[in-house]
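Lettering follows sequence order; numbering is per chain, from 1. All values reported here derive from a predicted model rather than from experimental measurement.
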Amino acid sequence: MTLLEAYHRLDEAWGPQHWWPGESVLEIMVGAVLTQNTAWSNVERAIANLKAAGALSMQALLALPLDELAALIRPAGYFNVKARRLRALLEWVSAAGGVEALSGWTDEKLRSGLLGVHGVGPETADDILLYAFERPVFVIDAYTRRILGRLGLIDPTMGYEHLRAMIEAELSPDVPLFNQFHALLVAHGKAICRPRPRCTVCVLREGCPAATPTRLPPE
DNA sequence: ACCCAGGGTCATA
DNA sequence: TATGACCATGGG
């Protein structure tokens, strides 16, 4: 099976996913930070708190004291860390001239700029690039590694950039496709057995790839 | 009473 | 460069 065949099967099975869950560029960026190593259901509560407090805007978020911001995003976990990361991200956006200005940046400049922000790593940057700014980058997350790795389509131990380059080279740079593919992998990613212990079928079936490491190897 | 989730940073060796 | 500790809540 090729990557493209895998995509079409998932697409036919589950149809359009309408990702990212979030209405504005700002909300997508906030969600990308809040969902770091965190279940989305917890992120939803945090975002609901921000909305209820009228804090989901550039100005409000930047004006909010760090401890108050942390209190609002508390359900998302790591709230002290994430409050600082959100602050750093919004200050960077603001210094760059806002979302409007960033929209005019090249893919490369935008990506390296995001990666320079404290608390924004490759996956968070690519979430923002693909879903907020509609740039053709393929997001590599735990689900992508686990599922495509078990299919034998990729080597899940490869570093982030190398893996992304391989997948992007195999697929055409197609924003709607990258969007829908990653959405399908994540939205239905829990519907497979866990890496450890492996499910009964994996144990019985010869050729079922061994457990996929949850922890990513460095570049 | 565990295990895990749509990561990233920092300190060690 | 490669591991490990740490961050923290909520659901299964």
> Given the P atoms of C/dG10 and B/dG8, what is the spacing between them in whole Å?
Replying inline: 23 Å
> For the pair made of CG in A/Asp127 and C1' in B/dG8, what is the distance, rounded to whole Å?
Replying inline: 13 Å
At a cut-off of 3.5 Å, list every protein nitrogen or oxygen paired with a nitrogen or oxygen from nucleotides 11-13 of chain B, distance to 0.1 Å.
none

> Any link between A/Leu185 and A/Phe178 through a network of hydrophobic side chains (Ile, Leu, Val, Met, Phe, Trp, Tyr) touching at under 4.5 Å?
Replying inline: yes
> When the distance from CD of A/Glu44 to P of B/dA5 is rounded to whole Å, what number comes out?
Replying inline: 18 Å
>> I need the CZ-C1' distance between A/Arg45 and C/dG10, as an integer number of Å.
In response: 6 Å
>> What is the separation between atom CD on A/Glu161 and atom P on B/dG8, rounded to the nearest whole Å?
In response: 11 Å
>> Determine whether A/Asp127 and A/Asp141 satisfy the following criterion, side chain to side chain contact (heavy atoms under 4.5 Å, CB included), listing intermediate values before the conclusion.
In response: CA-CA 10 Å; A/Asp127 279 337; A/Asp141 62 5; over 6 Å; no
> How close or far is atom P of B/dA5 from atom CG of A/Asn42, stated in whole angstroms?
Replying inline: 13 Å
> Expressed in whole Å, how much space separates the P atoms belonging to B/dC4 and C/dA5?
Replying inline: 16 Å
> From B/dC10, B/dG7, C/dT9, pick the nucleotide closest to the side chain of A/Thr124?
Replying inline: B/dG7
> Atom OH of A/Tyr78 to atom P of C/dA8: distance rounded to whole Å?
Replying inline: 9 Å
>> Under 4.5 Å between side-chain heavy atoms, counting indirect links through other Ile/Leu/Val/Met/Phe/Trp/Tyr residues: same cluster for A/Leu66 and A/Leu56 or not?
In response: no
>> I need the CD1-C1' distance between A/Ile73 and C/dT9, as an integer number of Å.
In response: 11 Å
> Taking C-beta and beyond as the side chain, do A/Val175 and A/Leu130 meet within less than 4.5 Å on heavy atoms?
Replying inline: yes
>> Rounded to whole Å, how long is the line connecting atom OH of A/Tyr160 with atom C1' of B/dG8?
In response: 13 Å
> Heavy atom of residues 168-182 of chain A under 4.0 Å from DNA chain C: which residues?
Replying inline: none
> Can you check whether A/Val137 reaches A/Glu168 side chain to side chain, under 4.5 Å on heavy atoms?
Replying inline: yes
>> Under a plain distance cut-off of 3.5 Å, with no hydrogens placed, do A/Asp174 and A/Ser172 share a side-chain donor-acceptor pair?
In response: no
> Just checking, any donor-acceptor pair under 3.5 angstrom between side chains of A/Tyr131 and A/Asp126?
Replying inline: no
>> To the nearest 0.5 Å, what is the distance between CG on A/Asn49 and CZ on A/Arg74?
In response: 10.5 Å
> Is any side-chain heavy atom of A/Ile128 closer than 4.5 Å to a side-chain heavy atom of A/Leu89?
Replying inline: yes
> Considering residues at least two apart in sequence or located in another chain, which fulfil the side chain to side chain contact (heavy atoms under 4.5 Å, CB included) criterion with A/Ala96?
Replying inline: A/Leu102, A/Trp105
>> Please determine whether a side-chain nitrogen or oxygen atom of A/Arg146 lies at a distance below 4.0 Å from atom OP1 or OP2 of B/dA5.
In response: yes
> Is a salt bridge present between A/Arg111 and A/Glu108, judged by a nitrogen-to-oxygen distance below 4.0 Å?
Replying inline: no
>> With clusters defined by side-chain heavy atoms of hydrophobic residues (ILVMFWY) lying less than 4.5 Å apart, directly or transitively, does A/Val81 cluster with A/Leu69?
In response: no
>> I need the residues from residues 33-41 of chain A with at least one non-hydrogen atom less than 4.0 Å from DNA chain B; give them sorted by number, or say none.
In response: A/Thr35, A/Gln36, A/Asn37, A/Thr38, A/Ala39, A/Trp40
> Which listed nucleotide (B/dG7, C/dT9, B/dT9) is nearest to the side chain of A/Phe79?
Replying inline: C/dT9
>> Which helical stems does DNA chain B take part in, if a stem means at least 3 consecutive Watson-Crick or G-U pairs with both distances below 3.5 Å?
In response: B:2-5 with C:9-12, B:7-13 with C:1-7
> Would A/Leu171 and A/Phe138 count as a side chain to side chain contact (heavy atoms under 4.5 Å, CB included) if you check the C-alpha gap in whole Å, the side-chain angles of each, and the deciding distance to 0.1 Å?
Replying inline: CA-CA 9 Å; A/Leu171 303 171; A/Phe138 195 95; 4.0 Å; yes
> What parts of residues 81-90 of chain A reach DNA chain C, counting only heavy atoms under 4.0 Å away?
Replying inline: A/Val81
> Can you list the steps and then say if A/Gln180 with A/Trp19 is a side chain to side chain contact (heavy atoms under 4.5 Å, CB included)?
Replying inline: CA-CA 7 Å; A/Gln180 170 72 353; A/Trp19 265 38; over 6 Å; no
> Do A/Leu115 and A/Ile140 belong together in a cluster built from hydrophobic side chains that touch within less than 4.5 Å?
Replying inline: no
> Is A/Val120 touching bases, backbone alone, or none of the nucleic acid, heavy atoms closer than 4.0 Å?
Replying inline: sugar-phosphate
>> Between A/Val139 and A/Val43, is there shared hydrophobic-cluster membership here, with clusters defined by ILVMFWY side-chain heavy atoms closer than 4.5 Å?
In response: yes
>> Keeping A/Ser112 on the side-chain end and A/Lys109 on the backbone end, is there a donor-acceptor pair under 3.5 Å?
In response: yes
